[in-house]
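First comes the structure, then the notes that go with it.
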Amino acid sequence: MKFTPKEADSEVNLPKLSLLGEFFILSGGIFAFILIVYLILGIAVDLTVPHLPPSVEKALGAHYSAMFDDGVRTKQEIKLQKIVDKLSANTQRPDIKYMVHIVKSPDVNALAVPGGNIVVFAGLLNQVDTENELVFVLGHELGHFAHRDHLRGMGRGLVLFALSAVLFGADNDATNAIANGMSTARFKFSRDQEKKADAFGLEMLNKFYGHVSGADSIMKKFGKLDKMPKYVYFFATHPHYTDRIKSMEEIARKSKFIKGKQKKLDPVFKELKYGEKKDKIHFGF
Amino acid sequence: MYDTIIFLAFLFVGFMAGTIAEQSHFKSLKKREKKMVSLPAVTIKNALEQGAEVDKVYLVSGSCVVSLDYFKRVLAGLKNIVGGRIGAYETLVDRGRREAILRMKEAAKKAGSDIIVNMRLETSAIGQSANQKNSLGSIEVIAYGTAIVLKK
């Protein structure tokens, strides 16, 4: 047998497509797919939530209630509870048993957490000067409950968690971060939901005092504290405070709400002690 | 946030370093293959010309260990979701095979061989992530055969 040296085509085993192009097509396609699934499931959540019976809502919230309930009621919590009980008698959700928790943290924030939990951070109470302002903040959170925003937030969190677990595995960094976000209950709602909750709070305020002073003053304080430039709000969950004030003024004008004298806040709230926080302080309610 | 930045940085570094290394490797493979084309390596056992007499026989082998870069690993992971041809792995095994054969031929050439018969190729996954589900770190490709020196 005679061997004739000849070069063979060595390129047959190599990929035809550029790997970078393949990477962009793949990651773009997968991202688009996730986005579509997330949007569809998000709509499914929105459709389901209004039909959720109170018993299911209670069972869902049990985990969160256990997380915030330390068994001890401070005098500030009892005071807040009294206000919430009075306010909630006027809401469409009398089936929920509301529970106010104060978290000793400098965050200027309040949350509506499933299970009827209203979480108020000490940093926010420190900023509040009148009872009217406090009533507005609590009314705003009650608005989230009335519109079932807390369940929507939870449902979307669940969808995100499930998607991440399916795609990246249950023990992935991304999945863990989402799971953590859910368990600390930093519920984020859309800007539209926030404005609706503002309107609800404003109405509560009017029912309680017969005028709506306090809503704008707490919002202005909040705006002064928040140093973020306005364009950031394009991506944020909460609308910019000036927009919130503007839309509240609109509502006040339409509903003929009047301004009035505000009631001084019980000094007991200024006694709250909370530690310094090193990392970023969260704003928003 | 930091996780994402680190991930993207790894992706970028992996892509740049991986591409540069791969391209220079392919260039060198082509050049050396051209040089070695006169030394045949065949998989059959009886490849000698009629009348040729064997002087000496050696076992020759060439082995190569080559690894994926971070970018290719991520790309292969993405491709695992949708399926299909995984180009990222294809270049890896191709480089491994060709390099191993070349090294075997270089060893045979040093011994003055005229032909390598009964050549075989084997591949194994080695390194930390070897034989784990859904992961491929580095591969070892070994080429071995019988180098024959003919009587002149």
Side-chain angles (χ1 to χ4, degrees), chain A residues 1-38 160 162-181 184 186 188 228 232 235-236 278-280 282, chain B residues 1-4 6-7 11 14-16 18-19 22 26 29-30 32-42 44 46-50 52 69 71-72 74-98 101-102 114-117 133-134:
Chain A
M1 200 173 79
K2 177 97 181 106
F3 180 82
T4 325
K6 210 176 163 191
E7 263 185 85
D9 182 7
S10 55
E11 307 291 306
V12 285
N13 293 319
L14 296 182
K16 306 274 178 290
L17 249 168
S18 102
L19 293 183
L20 196 62
E22 199 180 339
F23 178 77
F24 283 124
I25 292 169
L26 269 176
S27 50
I30 289 168
F31 182 73
F33 176 73
I34 294 170
L35 204 70
I36 290 167
V37 171
Y38 178 70
L160 207 60
L163 275 181
S164 177
V166 166
L167 278 166
F168 308 116
D171 201 24
N172 185 279
D173 287 347
T175 312
N176 288 339
I178 292 166
N180 276 338
T184 46
R186 293 221 176 275
K188 293 194 167 162
M228 267 201 288
V232 175
F235 307 103
K278 269 133 206 123
D279 55 342
K280 197 180 163 292
H282 292 274
Chain B
M1 188 65 194
Y2 289 113
D3 285 1
T4 318
I6 290 169
F7 171 75
L11 211 61
F15 177 73
M16 293 311 285
T19 308
E22 189 178 278
F26 275 129
L29 280 173
K30 256 195 167 154
R32 283 151 64 212
E33 272 168 354
K34 214 170 211 166
K35 232 168 76 186
M36 284 291 171
V37 80
S38 57
L39 175 64
V42 295
I44 49 172
N46 306 310
L48 298 189
E49 271 177 63
Q50 205 96 58
D69 57 66
F71 169 78
K72 287 210 185 72
V74 171
L75 177 60
L78 286 178
K79 195 81 190 202
N80 267 334
I81 298 174
V82 294
R85 213 177 143 167
I86 303 185
Y89 286 166
E90 284 179 345
T91 57
L92 176 82
V93 287
D94 190 60
R95 281 166 71 191
R97 272 193 307 259
R98 286 162 72 182
I101 292 172
L102 271 174
D114 297 294
I115 187 166
I116 302 165
V117 297
K133 207 181 139 207
N134 291 334

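Quick note on labels: first sequence line is chain A, next is B, and so on, each numbered from 1.
Only the side chain of A:Ile30 comes within less than 4.5 Å of a heavy atom of chain B; its backbone N, CA, C and O stay farther away. For chain A, the nearby parts of B:Val37 are the backbone and the side chain; heavy atoms of each come within less than 4.5 Å. With a 4.5 Å cut-off on non-hydrogen atoms, B:Lys79 touches chain A through its backbone and its side chain both.
The candidate with the highest count of non-hydrogen atom pairs below 4.5 Å against chain A, out of B:Arg97, B:Arg95, B:Arg98, is B:Arg98. In terms of heavy-atom pairs under 4.5 angstrom with chain A, the leader among B:Leu75, B:Ile115, B:Thr91 is B:Leu75.
Here the NZ-CD1 distance, from B:Lys72 to B:Ile86, works out to 13.0 Å after rounding to the nearest 0.5 Å. The CD1 atom of B:Ile81 sits 8.5 Å away from the CG atom of A:Leu26 when rounded to the nearest 0.5 Å.
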Chi angles and distances behind the side-chain contact (heavy atoms from CB on, under 4.5 Å) call for A:Leu20, A:Phe24: CA-CA 6 Å; A:Leu20 196 62; A:Phe24 283 124; 3.8 Å; yes

Worked verdict on A:Asn13 versus B:Glu90 for side-chain contact (heavy atoms from CB on, under 4.5 Å): CA-CA 7 Å; A:Asn13 293 319; B:Glu90 284 179 345; over 6 Å; no

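Under the 30°/60° scheme for interplanar angles, the aromatic rings of B:Phe15 and B:Phe71 are found to stand perpendicular.
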